[in-house]
Structure formats: C-alpha cells, structure tokens
Amino acid sequence: AHAGAEKKGWDMVAQPCRDLVHSFLSPTSSSLGPVDLQTLEECVGGRDLGNDTVREFNLTAVGDEGNHFLMSFEDFASVVRRKGVLKQLIFTEGVFGFIYWRSAFFEPVNHILTALSETWATTHLKK
C-alpha cells in the first residue's frame, strides 16, 4: 500500500480513502490501526485496478484523472457523470469481466481456480 499511497491525486477521491492516505503519509502514520491499514490497502487496490482497467481498455473518456472510479460508489458516480464515460464503459467489450475477475472480492476464487488448474495440468498433462 505504501507505494500506491505515495502517488498523486488522492485529493480527488472520496472518504475514507482520502483521509487514510493523508494520515498514512503523515509523520505520525504509526497511529493507523489494523482496520485503517486494511481499508487503505483496499483503496490502493481499487485505484490500481482502475489504472489497469483504463490502460488495458484504453478508456480515454475515464483518463488518468478518473483512475479512482473503482474505489467506491461515490467515486464511480463522480467519474461516470463525465461526458462519454458511461457509454465507453458499456460498449467496451470485456471491461466489466476484467474488473469483476480482478476485484478483491474475487481474489480467493481466483486463487482456488488457479490452484485447481495447476493441479489438473500437473496430473493430466504429464501422462
């Protein structure tokens, strides 16, 4: 989370991410508790996923300044209101699947599927 928190542009995001990043980067960052650090990790992860999505699908309507659109509903709503963003998201094939499978919510499922496919490949392809 440290590297992601040091990137610029956190002033544009919704709470609690904005305050958590500022607190984390302050000289008294040790005051963040485990829940705050977990939430900060989720904020940075959402922003990283937004960056990856914008880059992977060339979402020019979202742009770099909209990379926080997957961090919260409030952030999503603020970015989708911009001209052309919703249309580009809806009509760009594969964008929602990309977001869906790379979200933190599905991380455990991805690990299970990866382990199962590796196990299957090991047992079936070596014969």
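These numbers come from a predicted model, not from an experiment. Atoms considered below: every heavy atom in the structure, side chains included; atoms not considered: hydrogens, waters and symmetry mates.
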For [X] versus [Y], what's the shortest heavy-atom pair and its separation?
X: Q88; Y: V62; answer: OE1-N, 4.0 Å
X: F98; Y: L49; answer: CE2-CD1, 4.3 Å
X: F96; Y: L89; answer: CE1-O, 3.3 Å
X: T39; Y: P16; answer: CG2-CG, 4.0 Å
X: M71; Y: G46; answer: CG-C, 3.8 Å

Is [Y] reachable from [X] through a run of hydrophobic residues whose side-chain heavy atoms are each under 4.5 Å from the next?
X: F57; Y: L86; value: yes
X: V79; Y: F76; value: yes
X: W120; Y: I112; value: no
X: V95; Y: W101; value: no

Subject >> Spacing of CD belonging to Q38 relative to SG belonging to C43, to within rounding of 0.5 Å >> reply: 10.0 Å

Subject >> D75 side chain near L70 side chain, heavy-atom distance below 4.5 Å >> reply: no

**OP:** Determine yes or no for a side-chain-to-main-chain donor-acceptor pair under 3.5 angstrom, with R18 supplying the side chain and W10 the backbone.
**Re:** no

Original post:
Under the 3.5 angstrom rule, does the side chain of S23 hit a backbone N or O of L20 as a donor-acceptor pair?
Top reply: no

Original post:
F69 pairs by side-chain contact (heavy atoms from CB on, under 4.5 Å) with which of V13, V80, V54?
Top reply: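 Considering V13, V80, V54, a side-chain contact (heavy atoms from CB on, under 4.5 Å) with F69 is found only for V54.
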
Original post:
Going through the distances and angles, do T114 and L116 end up as a side-chain contact (heavy atoms from CB on, under 4.5 Å)?
Top reply: CA-CA 5 Å; T114 300; L116 289 173; over 6 Å; no

Subject >> Q15, CD: over 12 other non-hydrogen atoms inside 6.0 angstrom >> reply: yes

**OP:** In sequence, state the C-alpha distance, the side-chain angles, and the governing distance for S78 and H68, and then conclude on side-chain contact (heavy atoms from CB on, under 4.5 Å).
**Re:** CA-CA 10 Å; S78 74; H68 60 282; 4.0 Å; yes

**OP:** Test side-chain contact (heavy atoms from CB on, under 4.5 Å) on D36 and F24 and set out the steps.
**Re:** CA-CA 9 Å; D36 289 335; F24 181 75; over 6 Å; no

**OP:** Using the salt bridge (Lys or Arg N to Asp or Glu O under 4.0 Å) rule, collect all pairs that involve residues 45-59, keeping only residues at least two apart or in two chains.
**Re:**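 Residue pairs passing salt bridge (Lys or Arg N to Asp or Glu O under 4.0 Å), neighbours aside: K7-D48, D52-R55.
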
